Amino acid sequence: MGVVVNPAIALDSWSSAATWQGTLPEAGEVVTIPAGHSVLLDVNPPELGGLILEGQLIFDQRDLHLTSRWILIDGGTLSIGSPDVLHAAEAIITLTGTDEDENIVGDGLRRMGTKFIGVMNGGSLELHGTRAFSRNWTQLAAHALAGATSIQVAEAIEWKEGDRLVIAPSGFDPNEAEEVTVTAVTDGIIHFEPPLRYDHWGELQVIGGHTIDERAEVACLTRNIVIQGDELSIQSNFGGHLMFGPGTTVHVEGVELRRMGQKGHQGRYPIHWHQAGDRPGDYARGNSIHHSYHRAIVTHGSSYVLIENNVSYDVWSHAFVPSEDGSERENRYLRNLGILTRTLALGDYAFPQSVGGASSQSEGRPGTFWLKSPDQILTGNHAAGVVGGMGFFFDGPSHDADWAGEFSNNTAHSCFAPSGSLADRYPTLTAGYGLFIENHTTPSQIEFSNFTAYKNSLSGMWLEAPGQRVRGATLVDNGTGAILFQSTLEDSVIVGQSDNTIGSLPPVGTSLSGGVHLVSGDDLKSPQLRNIAFVNQRDAGIVMLGGRLHPRSTLRNLRFTNTAPCWIAEPRQLTGGFTDHDGSLVGDGIPVFIHGNDALTKTAESAFDPTLNAWVTPLSSLNYLNVSVPGSTESDLGFTVLMSGSQTEVLPETGRSGAVPSLSGYVKKCDVYTMYRFDPLPDGVRVSLEGGESCFLYLDVPYLETSYVYEETTSGFGLPVPDFSRPVANGWEGSSTQDLRLRLQANQPVYVFDQPRGGLDLSSAEALWRSRQFGPEMVQDPASESLWGPYADPDGDGIDNRVEFFLATNPLHPDAPLRVHPTERRLSFRRNPEASDLRLGVFYSSDLRTWHSDVELRETLLPDGTLSVTATAPDLPSNEALFMVLRVESTP
């Protein structure tokens with residue numbers, strides 16, 4: 001859009017005494033333009049004590065400078081240009097003041113403090129500079145080396161003599177950003193001073209068929225409309241700020257904001273929508289915010305704002321904040337550039353926490369783009385250099401939110417971690433990532449597309465939750481390409497070392513190395529890698545230190561150029577493993593499971609691969625067994641040991657807290673396994689086996705003889721298997737033990753229940769006890785059976801009502817009825833002698849396979865009429881373990 005000078009309009013002039021009833025405003029005066037009045041600013045007023053706009057103030061098309069301690073737009077309008085007629089002259093507003101405790105207007109969260117331009121009560125701010133729509137930043141078109149006094153840029157540009165430029169860093173150190181002043185522009189060559197101190201990369205690369213773009217960004221900081229803090233702001237770090245409330249209209253474009261932001265003060269940012277609600281027509285575009293003491297642009301408690309083509313440089317704390325508390329929706333941050341974002345010192349936090357020296361808004365590890373709710377639109381943005389932080393930091397959200405946003409074509413580089421180690425990669429102050437996503441309550445599905453990350457000291461990205469997916473990423477020259485917990489990375493290229501050698505490697509101890517680092521943890525992780533090209537890795541394409549991996553961690557279509565495929569540092573400590581579905585990791589095209597020294601998955605076809613430092617088993621010799629409890633919210637199934645022959649192994653617990661609890665993993669085909677429980681088995685368990693149609697295995701499950709087996713059909717449960725004496729596709733084949741032996745056919749799940757689905761006749765003693773414990777009215781109410789029923793557990797202690805009756809414990813209060821005396825090899829507990837229809841069994845074992853009943857039982861009558869029972873196991877060799885089980889059963 002061209003620049004058009006404002007036509008003549010009938011306004012009261014600031015310079016006219018008649019506008020002010022005969023006396024022009026004086027220095028230090030608080031000036032008010034009342035509602036219904038419009039004033040044309042045609043002179044430089046004296047330094048004001050404050051300015052209240054209930055009416056309208058319009059800047060004339062001439063060079064003007066307005067200085068005031070604060071400007072409150074209270075239902076009025078401040079206009080410098082318009083969307084259709086851009087302001088062509090120079091307009092400078094300087095905000096003054098040093099009293100950090102002063103508050104001019106508002107209270108609570110609505111306090112504006114001082115040294116501000118504030119918009120409230122339906123007011124409007126219209127700032128439209130000449131560079132609102134011009135190209136404000138681009139990238140180099142050729143290398144710019146130290147000592148150079150000119151550069152070539154990739155696009156035609158409208159910069160001129162006197163403009164201030166900033167050139168982004170090309171190495172790991174974000175402090176290698178440089179400011180220069182344009183001296184001339186000739187034939188597309190931009191000349192400047194002083195000479196460059198550092199090298200800056202400026203060429204595209206093609207590596208492995210992929211175009212790699214590490215060209216340094218170049219941005220113009222100069223605008224003809226300037227809002228600034230006064231010179232005293234430099235020493236105090238107490239600059240000006242802009243705050244916009246609900247019901248206002250704000251259009252800010254082509255404006256330079258410098259010496260803005262108030263360090264250590266909440267809500268005091270250069271451009272700040274503050275709890276303004278839905279603002280679909282508001283925007284900030286084409287602006288530069290530099291040398292800010294606290295952030296750049298913040299949309300807090302505000303939604304649908306457009307933030308486009310802005311530049312931030314040398315900003316403390318987070319620069320661009322699309323979402324501060326998680327309530328914001330679909331703010332559009334498009335093609336913004338942030339260069340050199342700095343970390344606040346602990347004493348400068350605006351949001352300190354009372355303990356631990358942390359910040360509730362992660363001020364100790366800033367993000368050039370930092371947000372709580374991912375429900376924003378971020379496309380085409382660049383984060384170019386962060387000291388001790390991240391390029392894009394998804395820090396939340398603070399509450400559940402449905403993903404409706406977009407993250408595409410963004411770039412992060414030169415994010416630097418000044419300290420850290422492999423064992424210290426995820427404390428509260430971890431930094432050095434291009435993209436970092438906290439787990440918290442991240443929505444189930446969130447996709448990051450076409451992300452570029454390079455020269456980030458710790459990693460190009462950190463992904464944590466299962467629903468996080470990165471597609472089409474280009475990760476180059478990072479300490480580690482990507483660090484994955486449970487997320488998906490696909491259709492991407494990871495280059496360990498390109499031709500860009502500008503900037504040394506990160507300090508020793510701050511880099512993990514490798515293309516993808518698979519991170520273990522307390523619970524099983526399940527990263528997914530699909531269609532990834534690994535090129536020129538310093539160590540290996542995939543690196544893992546050992547730990548716990550979900551066996552469904554998936555690898556598919558991996559390609560390695562000048563790269564070792566994989567290295568597992570501690571295979572003996574690896575639980576679970578990962579599945580190479582097409583053999584692309586091993587390189588022979590045979591689907592395999594890669595794991596540690598795990599007897600469950602080692603078959604005659606298994607082999608140790610020294611190049612991987614792990615065991616490799618063909619999937620053709622394995623089945624996938626899953627045992628779960630649908631409808632349960634408990635995270636522990638109560639049984640974890642799976643045995644085959646003389647081998648005892650732990651079947652990984654793959655259910656997560658709040659999800660369906662499950663145990664699952666690969667097991668050898670056509671084998672017999674025994675599963676033991678240490679706690680009461682849940683009422684109904686789903687058991688499934690995945691593999692070829694002809695595959696099966698036997699599973700002994702420790703249920704009572706009253707157990708029923710239901711086959712799962714497309715219409716629900718089928719009838720219970722009627723004849724347990726003969727083999728069936730899925731069902732009970734009979735067993736010489738007290739366990740239920742299931743013959744599991746692949747891909748045909750079954751449900752197992754521990755008792756018939758019908759009612760149960762109770763003895764008169766148990767019925768009387770039940771009435772006494774729960775009250776006669778409750779036990780006569782069928783709707784309350786979930787509390788008083790014989791197999792209910794109203795106090796949640798894992799002991800159902802029938803066993804509570806037997807052990808003489810309180811069904812409405814959690815109990816620990818068993819007392820263990822390990823040095824004396826005995827258990828002690830109480831039992832109710834009136835429970836004559838229930839019988840007691842105590843068994844012991846040294847290997848969890850063979851159980852013995854020759855336990856010595858001694859009973860003593862107690863004054864309250866219950867019996868004290870002591871169960872003592874015989875002496876075993878000192879090197880053998882002792883396991884004891886208490887079983888309560890119905891008498892025949």
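Given the structure is predicted, the values throughout are model-derived calculations rather than measurements.
- Judged by distance alone, with hydrogens and angles left aside, the side-chain atoms of N478 form no donor-acceptor pair with the main-chain N or O of T480 at under 3.5 Å.
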Do N409 and T379 pass the side chain to side chain contact (heavy atoms under 4.5 Å, CB included) test, and can you show the C-alpha distance, the side-chain angles, and the key distance before you say yes or no? CA-CA 6 Å; N409 298 296; T379 65; 5.5 Å; no
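- Once rounded to the nearest 0.5 Å, the distance linking CD1 of I297 with CG of L242 reads 10.5 Å.
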Using ring pair (Phe, Tyr, Trp, His ring centres under 6.0 Å), reason through Y313 and H291 one step at a time and then give a plain yes or no. CA-CA 6 Å; Y313 167 61; H291 299 91; 5.4 Å; yes
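- G389 approaches C415 most closely through the heavy-atom pair O-CB, 3.8 Å.
- Here R342 pairs with D314 in a salt bridge; the nearest charged N to carboxylate O distance falls below 4.0 Å.
- Closest of all the heavy-atom pairs between Y349 and S359 is CD1-CB, 3.6 Å.
- Taking 4.0 Å as the cut-off between side-chain N and carboxylate O, E490 and R469 count as a salt-bridged pair.
- Residues H200 and E176 have side chains that never bring a donor and an acceptor to within less than 3.5 angstrom of each other.
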Output, in order, the C-alpha distance, side-chain angles, deciding distance and verdict of ring pair (Phe, Tyr, Trp, His ring centres under 6.0 Å) for F407 and F448. CA-CA 5 Å; F407 184 98; F448 304 85; 4.9 Å; yes
Verify side chain to side chain donor-acceptor pair (under 3.5 Å) between H251 and D282, making sure each step is shown before the conclusion. CA-CA 6 Å; H251 302 133; D282 284 7; 4.6 Å; no
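- Considering all non-hydrogen atoms of both residues, L489 and I494 come closest at CD2-CD1, 3.9 Å.
- Both the sub-6.0 Å distance and the 45° axial angle are not jointly satisfied by R365 relative to the ring of W370.
- Contact check on K372 versus E328 returns no salt bridge, with no Lys/Arg side-chain nitrogen under 4.0 Å from an Asp/Glu carboxylate oxygen.
- Ionic pairing of R329 and D375 is present here: one or more N-O contacts between side-chain nitrogen and carboxylate oxygen are shorter than 4.0 angstrom.
- Between E406 and S408, the side chains place a donor N or O and an acceptor N or O closer than 3.5 Å (distance only, hydrogens not considered).
- Salt bridge absent: E214 and K455 never bring a charged side-chain N and a carboxylate O closer than 4.0 Å.
- Note on ring orientation: taking the six-membered ring where Trp is involved, the planes of H300 and H272 are parallel (angle under 30°, cut-offs 30° and 60°).
- Taking the six-membered ring where the residue is Trp, F320 and F369 present parallel rings, their angle staying beneath 30° rather than reaching 60°.
- F392 pairs in a side-chain contact (heavy atoms from CB on, under 4.5 Å) with only one of the listed residues (V386, N381, T368), which is N381.
- Atom-to-atom distance recorded for Y269:OH and Q266:CD is 6.5 Å, nearest 0.5 angstrom.
- The only member of L484, I437, T488, L435 that meets side-chain contact (heavy atoms from CB on, under 4.5 Å) when paired with Q468 is I437.
- Without hydrogens or angle criteria, K115 side chain to F238 main chain gives a donor-acceptor distance under 3.5 Å.
- In this structure, R258 pairs ionically with E256, as a charged nitrogen and a carboxylate oxygen lie closer than 4.0 Å.
- Salt bridge status for E179 with R164: present, with a side-chain N to carboxylate O gap under 4.0 Å.
- Q228 and T94 share a donor-acceptor pair across their side chains, judged by distance under 3.5 Å alone.
- Expressed to the nearest 0.5 Å, how far CG of D348 lies from OG of S317 amounts to 10.0 Å.
- Both tests hold for K263 against W316: distance to the six-membered ring centre under 6.0 Å, angle to the ring axis within 45°.
- For the residue pair N309 / R285, no side-chain donor-acceptor distance below 3.5 Å is found, with atom types taken as modelled.
- A donor-acceptor contact closer than 3.5 angstrom is absent between the side chains of Y293 and S236.
- There is no side-chain donor-acceptor pair under 3.5 Å between H382 and N410.
- Looking at Q361 and E324, their side chains do bring a donor and an acceptor atom within 3.5 Å of each other.
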